[in-house]
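So the structure is just underneath, and the comments pick up after that.
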Number of protein chains: 2
Amino acid sequence: MSSQRRQPGRPEATSHGEIEQAAFALFAERGFDGTTLDDIADAVGVGRRTLFRYFRSKNDIPWGQFDLTLDAFRRLLASMPEDLPLHESVHRGVMDFNDFPDDAMPAHRERMRLILTNPALQAHSMLRYAEWRDVIAEHVAWRTRGSVTDLLPRTVGHVSLALALTAYDVWLADEHAVLLEVLEESMGTLRSYLGPS
Amino acid sequence: MSSQRRQPGRPEATSHGEIEQAAFALFAERGFDGTTLDDIADAVGVGRRTLFRYFRSKNDIPWGQFDLTLDAFRRLLASMPEDLPLHESVHRGVMDFNDFPDDAMPAHRERMRLILTNPALQAHSMLRYAEWRDVIAEHVAWRTRGSVTDLLPRTVGHVSLALALTAYDVWLADEHAVLLEVLEESMGTLRSYLGPS
DNA sequence: CACAGTAGATGCACTCGGTGCCATAATGGA
DNA sequence: TCCATTATGGCACCGAGTGCATCTACTGTG
């Protein structure tokens, strides 16, 4: 790949990845709140103003390029065989979404630990979660030929997120837990909780 | 009531309620983002600094005295008969929590519309939701003689929140919807979604 | 090589939320 | 009146985020 990158204008001085790396190093050292955007800009060797061309806000840095991740998620759900029961389709989608190669897990864990631990990031995450829920809701709406504003798509979106967040809570609390197993387990827990109705 | 308020020091210049009222008026007029803390302080006739003695942040103003609300929720759950099945106990608690007198609904609706619509407030709400979930998790842990960090309490907390938020989404989108009915409905929707497994 | 075109980088000034510190005001009681 | 107590609120300051204007580095062309 990389035929030629003949772009007209000035080349980019840095990249999302570079900023992310420098930022995570600083976060690990001084904490998220203890790191200013000036710190990050200096570490990357770029102006503070430039950071905002790569990330919408400081809170977005730990999320990396989440838009791309969501695009992949969208494609993932769209690729589910249509003869699969809806709840199976969603469940598999969520499982695949959280299926990372082993060597990526440490970094993923660190990223999620940061996001789920720091109050400012916890709060901000709500906005990203809403986008994630929408992807699910759209899938459900498409499968049921309904609207994303219907009760079912919204319910499935919210509940899927609830289960995922539960799993992450437990996973982060237990050094040896396996994310996908906890995810499966939380789903089972919900079933048995509602079961005896 | 109001036996005597013989407190030693200087009397308070305002109250949570007064600030809240002035703030909501301004929010309705110029929007949440278009209202500065200076605006609110001026409207109340108090220093900007003083606002922070009543509310931890601008984002907390729309929530009123949520601590007190949570205390009531805690007592509500604790008062549930122990012979009630756990899921019933939680369900009833959530229903009662959202059972407002008719004349309080318009204000409640406006408050929730604001919180669930404005991005800054959406994000901030995550922190309040976490406290709300904890109340449920504690109840479940108490009922099951387990720990709040166990899978079940966490799952129930997250899923209960998911259903409540779903209900609020739908309720706010439909002028004529009845909150408690939508809540009940979203619960049923979840059951039927998971049912055919 | 000079010049035009293009797009990213960045400095600057400014707004606003939020905090620490501290002096001050208003009250009840001795 | 003087004191203890408690709330007020001014002041200085920090850091995130934005709009605007300018500059810079690179491509392509004559």
Side-chain angles (χ1 to χ4, degrees), chain A residues 2-19 22-23 26-27 30-63 65 114-115 118-127, chain B residues 2-20 22-23 26-27 30-63 65 114-115 118-128:
Chain A
S2 85
S3 44
Q4 292 118 186
R5 38 187 21 268
R6 39 191 75 281
Q7 307 226 16
R10 177 175 180 171
E12 300 179 337
T14 180
S15 67
H16 288 87
E18 198 184 353
I19 293 172
L26 289 169
F27 295 159
R30 327 179 189 175
F32 182 78
D33 296 324
T35 305
T36 70
L37 287 177
D38 278 308
D39 293 339
I40 300 174
D42 287 351
V44 178
V46 88
R48 188 179 76 112
R49 196 67 183 73
T50 300
L51 292 183
F52 289 100
R53 302 181 65 79
Y54 288 84
F55 293 95
R56 274 179 291 176
S57 70
K58 182 186 177 187
N59 289 334
D60 276 302
I61 297 180
W63 286 85
Q65 293 176 278
L114 183 60
I115 291 176
N118 181 280
L121 292 174
Q122 268 176 40
H124 178 74
S125 66
M126 193 62 165
L127 304 176
Chain B
S2 85
S3 47
Q4 292 118 184
R5 39 186 18 269
R6 38 193 72 283
Q7 305 225 17
R10 176 175 179 170
E12 299 179 339
T14 181
S15 67
H16 287 87
E18 198 184 354
I19 294 172
E20 223 180 299
L26 289 169
F27 296 159
R30 328 179 187 175
F32 183 78
D33 297 324
T35 305
T36 70
L37 288 177
D38 277 310
D39 292 339
I40 300 174
D42 287 351
V44 179
V46 87
R48 188 178 75 113
R49 195 67 182 75
T50 300
L51 291 183
F52 288 101
R53 303 179 67 76
Y54 288 83
F55 293 95
R56 273 180 291 175
S57 70
K58 181 186 178 188
N59 289 335
D60 276 301
I61 297 180
W63 286 85
Q65 293 177 278
L114 183 60
I115 291 175
N118 180 280
L121 292 174
Q122 269 175 38
H124 178 74
S125 65
M126 192 64 165
L127 304 176
R128 295 290 90 85

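Just so we're on the same page: letters track the sequence lines, and every chain starts at 1. As the structure is a prediction and not an experimental result, all values here were calculated from the model.
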>> Would the base of dG17(D) count as contacting R48(A) through its side chain, where contact means a donor and an acceptor less than 3.5 Å apart?
In response: yes
> Between residues 38-47 of chain B and DNA chain D, which residues have a heavy-atom gap below 4.0 Å?
Replying inline: V46(B), G47(B)
> Just to confirm, is there a sub-4.0 Å distance from OP1 or OP2 of dA7(D) to any side-chain nitrogen or oxygen of Y54(B)?
Replying inline: no
> For L26(A) and A43(A), which heavy atoms make the closest approach, and how far apart are they?
Replying inline: CD1-CB, 4.0 Å
> Atom CG of L51(B) and atom P of dC16(C): how far apart are they, to the nearest Å?
Replying inline: 15 Å
>> Applying a 4.0 Å non-hydrogen cut-off, can you work out what T50(B) is touching in the nucleic acid: base, sugar-phosphate, or nothing?
In response: base
>> Judged by each residue's nearest nucleotide on DNA chain D, which is more toward the 5′ side, G9(B) or R53(B)?
In response: G9(B)
> Could you state the NZ-P distance from K58(B) to dT19(C), rounded to the nearest angstrom?
Replying inline: 15 Å
>> Once side chain to side chain contact (heavy atoms under 4.5 Å, CB included) is applied, do any residues pair with Y54(A), and if so which ones, sequence neighbours excluded?
In response: E12(A), T14(A), H16(A), I19(A), T50(A)
> Side chains of D60(B) and H124(B): closer than 4.5 Å at any heavy-atom pair?
Replying inline: yes
> Whole-Å distance between dG29(C) P and R10(B) CZ?
Replying inline: 19 Å
> Listed by chain and number, what are the salt bridge (charged side-chain N to carboxylate O under 4.0 Å, His left out) partners of R30(B), not counting sequence neighbours?
Replying inline: D39(B)
> How far apart are the closest heavy atoms of Q122(A) and M126(B), and which atoms are they?
Replying inline: O-CG, 3.3 Å
>> The side chain of R49(A) is closest to which nucleotide in this list: dA7(C), dG9(D), dT18(D)?
In response: dT18(D)
